[in-house]
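Comments concern the structure below.
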Amino acid sequence: MLWGYKILNGAYKLIAVSDVEVDQYIQMGVSAQRIAVIPNGIELPSIGDITKRNTIKSSFGIGESSKVILYIGRLHKRKGIDFLIKSFSDLAQINNNLFLVIVGPDDGFKEELELLVNDLNLFNKVKFYGFIEDIKQAYQDADIVVYPAALEIFGLVPFEAILCGKPVIVTNDCGCGKLVKNADCGYLVEYGNIIDLREKMNYALYHPIEGNEKVKRGQKYICENLVWGQIVKKVEEIYKNCV
């Protein structure tokens, strides 16, 4: 309140990473003409990063043939993890070989999530891994990756998952949702719609050929639009124009 508006009003140009952030700028009184949209850059994994397996499964004694739905990110209320757990609950009742693995540090929400897991009798099906040094290894044990966050301005996780060959499901109102839709490289769900997410997870798990096609489109899109080399050029051009 003291400095934010003054800083925004004094800037010649403002960079937003998505249309969601554009809307936030506009709500702060910034004219659309002063906003440039440049998404976050993605680092391409090396071959060694995407060949190791069983980091997650071996930690929890999950069988190789079992299916894993993966969440990666902070354990914060805004991340939609409770929404994911509730959607997962019905699937877990009919599939004994299905697990939900939640990877990431606690940001004040883990205790509430654990209570929800116990209330839904899912303590044998939902696993909390905590922080992992190399998250690319976690992707390799997943069959699908779900990014159920609300009010996110971008979100790197879905694109990291795609680069590691994993189909993704994201909420349609998060920052990366529009990119996923435009590239047709994942499945979109409405935030808070438990039935929608449940059905999309079930579909993605048992239609791997379609999921792989989306992954290939996503990898092509990332390499052409979101790698750091492309992003840096766009940022440099903005600065040149400002000068």
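This structure is a prediction, so every number in the text was calculated from the model and none was measured.
If you run side chain to side chain donor-acceptor pair (under 3.5 Å) between Tyr187 and each of Glu210, Glu199, Lys200, only Glu210 comes through. Looking at Lys77, Lys79, Arg74 one by one, the single match for salt bridge (Lys or Arg N to Asp or Glu O under 4.0 Å) with Asp107 turns out to be Arg74.
The shortest side-chain heavy-atom distance between Val146 and Met201 falls under the 4.5 Å cut-off. Taking the side chain as every heavy atom from C-beta outward, Asp82 and Phe109 approach each other to under 4.5 Å. Side-chain contact between Val17 and Ile38: absent, with no pair of heavy atoms (C-beta onward) separated by less than 4.5 Å. The side-chain heavy atoms of Tyr129 and Ile56, taken from C-beta on, include a pair separated by under 4.5 Å. Side-chain contact between Leu163 and Val215 is absent, with no heavy atoms from C-beta onward closer than 4.5 Å.
Contact check on Lys240 versus Glu236 returns no salt bridge, with no Lys/Arg side-chain nitrogen under 4.0 Å from an Asp/Glu carboxylate oxygen. Between Lys166 and Glu160 there is no salt bridge, since none of the side-chain N atoms of the basic residue sits less than 4.0 Å from a carboxylate O of the acidic one.
Side-chain rings of Phe159 and Phe154 approach one another, their centers coming within less than 6.0 Å.
For the residue pair Leu226 and Pro39, the shortest heavy atom distance occurs at CD2-CG, 3.4 Å. The heavy-atom pair separating Lys13 from Gln33 by the smallest distance is NZ-O, 3.1 Å. Ile15 and Glu21 make their closest contact through O-OE1, 4.2 Å (heavy atoms, listed as atom of the first residue, atom of the second, distance). Nearest heavy atom pair, residue Arg34 against residue Val30, reads NH1-CG1, 3.8 Å. Between Val168 and Pro158, the shortest heavy-atom distance links the atoms CG1-O, 3.5 Å.
Residues Ile72 and Tyr147 share a single hydrophobic cluster, defined by chaining ILVMFWY side chains whose heavy atoms lie under 4.5 Å apart. In the hydrophobic clustering of this structure, Ile194 groups with Ile81; members are Ile, Leu, Val, Met, Phe, Trp, Tyr whose side-chain heavy atoms approach within less than 4.5 Å, directly or through other members.
The cationic atom of Lys125 (NZ for Lys, CZ for Arg) lies less than 6.0 Å from the six-membered ring centre of Phe99 and within 45° of the ring axis. With Tyr206 as the aromatic partner, Lys67 meets the cation-pi criteria of under 6.0 angstrom to the ring centre and within 45 degrees of the ring axis.
Atoms CD1 and CD, from Ile222 and Glu224 in turn, are 11.0 Å apart once rounded to the nearest 0.5 Å. One finds the CD1 atom of Ile238 at 10.0 Å from the OH atom of Tyr12 (value rounded to the nearest 0.5 Å).
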Residues Glu213, Arg217; criterion side-chain contact (heavy atoms from CB on, under 4.5 Å); working and verdict: CA-CA 6 Å; Glu213 291 173 351; Arg217 285 195 292 270; 4.1 Å; yes
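In terms of modelled atom types and a separation under 3.5 Å, the side chain of Lys57 and the main chain of Ser66 share a donor-acceptor contact. Put simply, the side chain of Arg198 never gets that close to the backbone of Ser87: no donor and acceptor are under 3.5 Å apart.
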